Amino acid sequence: MKESAVHTGGMAGRGGKQGGADADVAVVGAGFAGLYLAHRATTLGLTVVVLEAGESVGGTWYWNRYPGARCDVESIDYSYSFSEELQQEWRWTERYASQPEILRYLNHVADRFDLRRHIRLNTRVTAARFDEDALTWTLTTDTDETVTAAFCVMATGGLSVPNRPDLPGLDDFRGEWYHTARWPAGGVDLRGRRVAVVGTGSTGIQAIPMIAREADHLIVLQRTPNFSVPARNRPLSEAELAKVKATYARRRARGRIAPSGVPSDREPSPGRGVPPERRRQAYEAGWAEGGASPLLRAYSDMLVDEEVNASLADFVRDKIGEIVDDPATAAALTPYGYPLGAKRLCLDTDYFATYNRPNVELVDLRKTPIERITETGIQTGDTLYETDVIVFATGFDAISGAVTAIDVRGRADRSLRDYWRTGPRATLGLMAAGFPNLFLVNGPGSPAVLGNVLAFIEHHVEWIIDCIDSLRRDGIHTIESSEDSDERWAVQVDEIAAATLYPKAESWFAGANVPGKPRRFLPYAAGLHTYRARCDDSAARGYGADFVLDHALSKHAEKRP
Ligand code: N01
């Protein structure tokens, strides 16, 4: 067993109720959230241990190294805003940063703020158990190391547990297969090889054009066609960056109160009643500009009004027809049956044009589903597609999957997996009943993934650490939600979603992509601005309106002689 680091200072070091713990705060995950948690906590004098399964910091940007991986929110916004010095000194090279560049940035942050001393790499947390006597969390890891802390924060990422389809015969496959979220660090040489990609979500749509350039032959196996719009990625000029940096703080402040966490210069008005020709002009301008926001925010009612949404969906369908040469392939690639944006809108570089290449073939799995994997390829209803490499771009057990992958036990041995069996729920998306002092970053019931995740992460980290700091100053040992408040919040999240077009798609937002996962729309869809105000109000009122404070301690104290 490795020796646990012993920290001084903070709550643990001051010999309070939770004084025997290794740290005040244990953090699971060293991605964007985990790094900022470590920084924010230590700045306030708390001690922190961050446990990370990967061999480097980076979280999702460490694991997702597939060809073409890059962010789909502009780099200047998809980055930390907490440090003016950091945002002034870092230079993003492209409008949408690539995975290697984002990983370099995260490593820079770890060094710049001296965070590595709090982080244990190559350490996967397998279980977390609340000790009702000591009022501490004990985290067990795959290295046999244990860490105890007064507070535990799950910074495990909303998209970190790969969803690999359970296809019969995969073990017999004599070629190689990879999930995009576990792409080998050294890359995969696809030159001269036959490659099959399963899945056409954001990941597949980024990877397919890159793989097509390298592979001898590429077969794309598509179950559901997706809406995708041009990213129009490009290098960022010095002049452009200087302009952003001159007023960066103001831009960030606007992002913090924007519904999607992405700052916008204009407030859209409703599209209903706008003549079709004017709408089309707006869409043409958005298509030319590139990115999701110019189209999704062309009108304020885009995600609530079916008719307005259909006008944009038709526009994108027409574009697909114009780009793809073969009419049958274009038809197979054209999405129908769900509103645009109800699944996350994909951004691409040459995705649809890739199907004009002679070495690329599209298989429509709605007509002939995959039956099995054979020794040499993929067998659908009528054809065996022989291949050397299979790439699964099949997504994630999203939002709740990384937390339930850990055996989390709260009061009276309550299992989080069991508690969430009928659907993940957590008050304000931050805490689940029976799990005192356990916080979730971007958990179910928070905006989670509906916009600029960086803005959501920074908000959660600040709220959580400020909460811990406030409890510490007030001498409160535990905070937790109740089943009633979890359910009330989940109902509110459902009601908000029901007023939008989101539930009209079968998506991972509601767990639809993982067989057996309970269906419940997980993200809070009323926007970051509303959510932030609600969380701030809870804090301003001392947390007691939403959470139970010190309950464990008093209950425990009553039992004491
Ligand atoms: O996953 P997805 P993703 N047989 O679930 C198909 C973020 N992200 O990794 O739609 C055949 O969207 C599935 O088909 P269907 C971003 O938030 C961000 O692409 O279920 N096919 C679908 O086509 C994104 O939304 C960036 O019918 C199967 C695909 O696999 C989220 O990650 C980049 C199948 C999965 O699509 C997830 O995107 C990339 C099966 N058994 C990703 N199972 C950035 O730019 C699944 N599929 C930041």
Side-chain angles (χ1 to χ4, degrees), residues 31-32 59-61 63-75 77-79 94-99 101-102 157-168 170 179-183 196-208 210 219-229 231 233 260 262 291-292 333 335 337-338 341-349 351 362-366 368-373 378 380 390-399 401 442 447-454 456 505-515 517 522-523:
F32 268 107
T60 200
W61 296 105
W63 296 104
N64 284 269
R65 312 180 194 104
Y66 59 85
R70 59 176 70 248
C71 58
D72 60 2
V73 168
E74 296 194 30
S75 321
D77 299 315
Y78 192 85
S79 43
E94 291 180 274
R95 182 179 183 189
Y96 299 99
S98 66
Q99 176 269 335
E101 187 168 15
I102 300 173
L159 297 160
S160 44
V161 175
N163 172 40
R164 180 174 69 74
D166 190 14
L167 293 170
L170 187 56
H179 191 285
T180 44
R182 292 292 178 271
W183 202 256
V197 173
V198 182
T200 52
S202 302
T203 301
I205 282 175
Q206 286 185 334
I208 284 162
M210 303 294 289
I219 301 163
V220 177
L221 296 108
Q222 170 194 267
R223 194 163 64 183
T224 309
N226 234 317
F227 289 102
S228 183
V229 300
N233 187 35
S260 65
V262 179
L333 285 167
Y338 65 93
K343 287 168 176 258
R344 190 167 166 118
L345 182 61
C346 303
L347 295 197
D348 73 87
T349 300
Y351 173 65
L362 180 70
V363 176
D364 187 347
L365 295 179
R366 289 168 305 176
T368 52
I370 297 176
E371 276 185 359
R372 61 178 296 108
I373 308 294
I378 300 176
T380 66
I390 302 175
V391 176
F392 291 107
T394 43
F396 302 90
D397 181 353
I399 303 178
N442 289 7
V449 286
L450 295 183
N452 180 6
V453 175
L454 249 287
F456 305 162
E506 293 278 296
S507 78
W508 56 261
F509 293 158
N513 63 329
V514 176
K517 187 164 174 171
L522 300 180

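Throughout, residue positions are numbered sequentially from 1 according to the sequence presented. Remember, it's a predicted structure, so these values are computed and weren't measured experimentally. Start at 1 and go down the list; that is how both ligands and their atoms are numbered.
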Within the structure, is a non-hydrogen atom of T200 found at a distance of less than 4.0 Å from ligand 1? yes
Counting only heavy atoms closer than 4.0 Å, does ligand 1 sit against the backbone of F396, its side chain, both, or neither? side chain
Tell me which part of F392 gets within contact of ligand 1: side chain, backbone, both or neither, using heavy atoms under 4.0 Å. neither
Considering the heavy atoms of L365, write down every atom of ligand 1 situated less than 4.0 Å from one of them. 11 (C)
Logged contact type for V449 with ligand 1, heavy-atom cut-off 4.0 Å, is neither
Between S228 and D348, do the side chains contain a donor N or O and an acceptor N or O under 3.5 Å apart? yes
Winner among R366, Q222, R223 once heavy atoms are compared against atom 4 (N) of ligand 1: R223
So which bit of L159 gets within less than 4.0 Å of ligand 1, heavy atoms only: side chain, backbone, both or neither? side chain
Pick one of side chain, backbone, both or neither for how V198 approaches ligand 1, counting any non-hydrogen atom pair under 4.0 Å. side chain
Per-atom contacts, ligand 1 versus C71 - under 4.0 Å to a heavy atom: 45 (O), 48 (C)
Would you sort out whether W508 and L159 count as a side chain to side chain contact (heavy atoms under 4.5 Å, CB included), showing the intermediate values? CA-CA 10 Å; W508 56 261; L159 297 160; 3.9 Å; yes
Below a 4.0 angstrom heavy-atom separation, can you tell me which part of A393, side chain or backbone, both or neither, approaches ligand 1? backbone
Which of the numbered atoms in ligand 1 are below 4.0 angstrom from a heavy atom of K343? 10 (O)
With atoms numbered from 1 as shown, which atoms in ligand 1 lie under 4.0 angstrom from a non-hydrogen atom of Y66? 33 (C), 39 (C)
